[in-house]
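Note sheet for the following structure.
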Protein chains: 2
Amino acid sequence: MEDAQHLELVNHLKDHLVPTAELEDLVSLFKSLGDLTRLRIILALAQTTLSVSELTDILGMSQSTISHQLGLLKQMNLVKGTRAGKNIHYRLADDHILTIVGTVKAHVEEQKK
Amino acid sequence: MEDAQHLELVNHLKDHLVPTAELEDLVSLFKSLGDLTRLRIILALAQTTLSVSELTDILGMSQSTISHQLGLLKQMNLVKGTRAGKNIHYRLADDHILTIVGTVKAHVEEQKK
DNA sequence: CATTCATATTTATGTATGCGCATATGTTAA
DNA sequence: TTAACATATGCGCATACATAAATATGAATG
């Protein structure tokens with residue numbers, strides 16, 4: 001890289017980086033979706049509301065693990081649960097998440113060619 | 001959850017889960033974006049083509065780290081580099097990535113309220 | 001060539017993270 | 001209250017991963 005214009009751009013970039021703190025939320029969200037178990041939970045919840053034990057059964061993993069991951073997803077505002085008697089019904093917090101997953105899925109499909 | 005219709009849905013889900021293998025690519029992509037350094041690299045490359053040393057300078061990290069992460073991003077087809085003399089110019093592989101980042105950013109912004 | 005500059009790779013290390021056992025908490029019903 | 005069930009949480013193990021120092025590879029320049 002040599003021309004002056006580019007150099008200027010680089011210097012500008014250096015001084016005008018998006019503050020790390022502001023990116024943390026983005027990173028956290030991507031991290032949340034970047035796990036097979038959590039993504040499977042989300043895709044299941046995209047179909048219907050499910051209790052912890054139902055998810056445990058569907059995904060074939062320990063109750064502890066499911067609960068753990070649901071906790072994370074809840075903390076990230078990706079899912080929310082409401083108690084119904086002994087059970088807790090979990091659902092997606094927001095359809096936005098499906099849009100995101102859909103967008104990425106489209107990208108992956110396209111890449112395959 | 002008690003009604004018969006829901007029970008049927010759960011059983012159907014259990015048998016018709018998206019195969020784990022098909023989700024791996026999705027997970028990998030999210031994982032790639034779920035790291036502060038890599039996301040910063042991508043955002044920088046969203047502005048202009050950059051060499052490794054320029055990125056090293058801009059992000060204030062070791063050359064080794066930048067190169068390492070660029071390697072990962074390249075492997076994921078998120079960036080691509082072309083040699084230009086001693087340097088290698090890296091750029092985003094595809095504008096799709098920006099759409100993804102944009103979508104997630106929008107989600108995060110909205111969540112903040 | 002030999003040296004220098006840019007990038008990649010190897011290696012080491014600290015840290016983060018997924019998982020499930022064991023247990024705690026909370027809910028309902030008897 | 002006790003028993004039975006559903007969910008959450010503390011803990012430790014195993015593993016993955018980010019970082020950077022040191023080194024290797026490769027390209028340009030004199």
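This structure is a prediction, so every number in the text was calculated from the model and none was measured.
Between the base of C:dA6 and the side chain of B:Gln63 there is no donor-acceptor pair shorter than 3.5 Å. The base of C:dG20 sits within donor-acceptor range of the side chain of A:His68, with an N or O pair under 3.5 Å. Between the side chain of A:Ser64 and the base of C:dC21 there is at least one donor-acceptor pair of N/O atoms closer than 3.5 Å.
The side chain of A:Ser53 contributes no N or O atom lying less than 4.0 Å from OP1 or OP2 of D:dA6. Between A:Ser62 and C:dG20 there is a side-chain N or O to OP1 or OP2 distance below 4.0 Å. Taking only side-chain nitrogens and oxygens, B:Arg83 never comes nearer than 4.0 Å to OP1 or OP2 of D:dA28. Checking the phosphate oxygens (OP1, OP2) of C:dA6, no side-chain nitrogen or oxygen of B:Tyr90 falls inside 4.0 Å. Contact check, A:Asn87 against D:dT7: a side-chain N or O comes under 4.0 Å of OP1 or OP2.
Looking at A:Ser32, its side chain does come within 3.5 Å of a backbone N or O of A:Ser28 through a donor-acceptor pair.
Using bins of under 30°, 30° to 60° and over 60° for the plane-to-plane angle, the ring pair B:His107/A:His96 lands in the perpendicular bin.
In this structure, CG of B:Asp35 is placed 10 Å from P of C:dT17, rounded to the nearest angstrom. Note: NZ (B:Lys74) to P (C:dT7) measures 12 Å, nearest angstrom. C:dT7 atom P lies 16 Å from atom CG of B:Leu73, rounded to whole Å. Between the CG atom of A:Leu72 and the C1' atom of D:dG10 there is a distance of 15 Å, given to the nearest Å. The CE atom of A:Met61 sits 13 Å away from the C1' atom of C:dT17 (whole-angstrom rounding). Protein atom NZ of A:Lys86 is 12 Å distant from nucleotide atom P of C:dT27, rounded to whole Å. Regarding A:Leu70, its CG atom lies at a distance of 12 Å from the P atom of C:dC19, rounded to whole Å. Between A:Leu55 atom CG and C:dG20 atom C1' there is a gap of 17 Å when expressed in whole angstrom units.
Proximity note for B:Ser67 (side chain, C-beta onward) versus C:dG20, C:dA8, C:dT27: the nearest is C:dA8. For A:Val52, taking side-chain heavy atoms from C-beta onward, the closest of the listed nucleotides D:dG10, D:dA8, D:dA6 is D:dA8. Closest approach to the A:Gln69 side chain among C:dG18, C:dT27, D:dT7 is made by C:dG18 (side chain taken as heavy atoms from C-beta onward). The side chain of A:Ile88 has D:dT7 as its nearest neighbour among D:dT9, D:dT7, C:dT27. If you check C:dG18, C:dT7, C:dC19 against the side chain of B:Ser51, the one that comes closest is C:dT7.
Heavy atoms of A:Lys31 sit under 4.0 angstrom from primed sugar atoms or phosphate atoms, though from no base atom.
The salt bridge (charged side-chain N to carboxylate O under 4.0 Å, His left out) contacts involving residues 8-17 of chain A comprise A:Lys14-B:Asp57, where partners must be two or more places apart or lie in separate chains. Sorted by first then second residue, the salt bridge (charged side-chain N to carboxylate O under 4.0 Å, His left out) pairs that include residues 63-90 of chain B, not counting sequence neighbours, number zero.
Side chains of A:Thr48 and A:Arg91: no donor on one and acceptor on the other come within 3.5 Å.
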Show your reasoning for whether side chain to side chain donor-acceptor pair (under 3.5 Å) applies to A:Thr65 and A:Ser62.
-> CA-CA 5 Å; A:Thr65 296; A:Ser62 80; 3.0 Å; yes
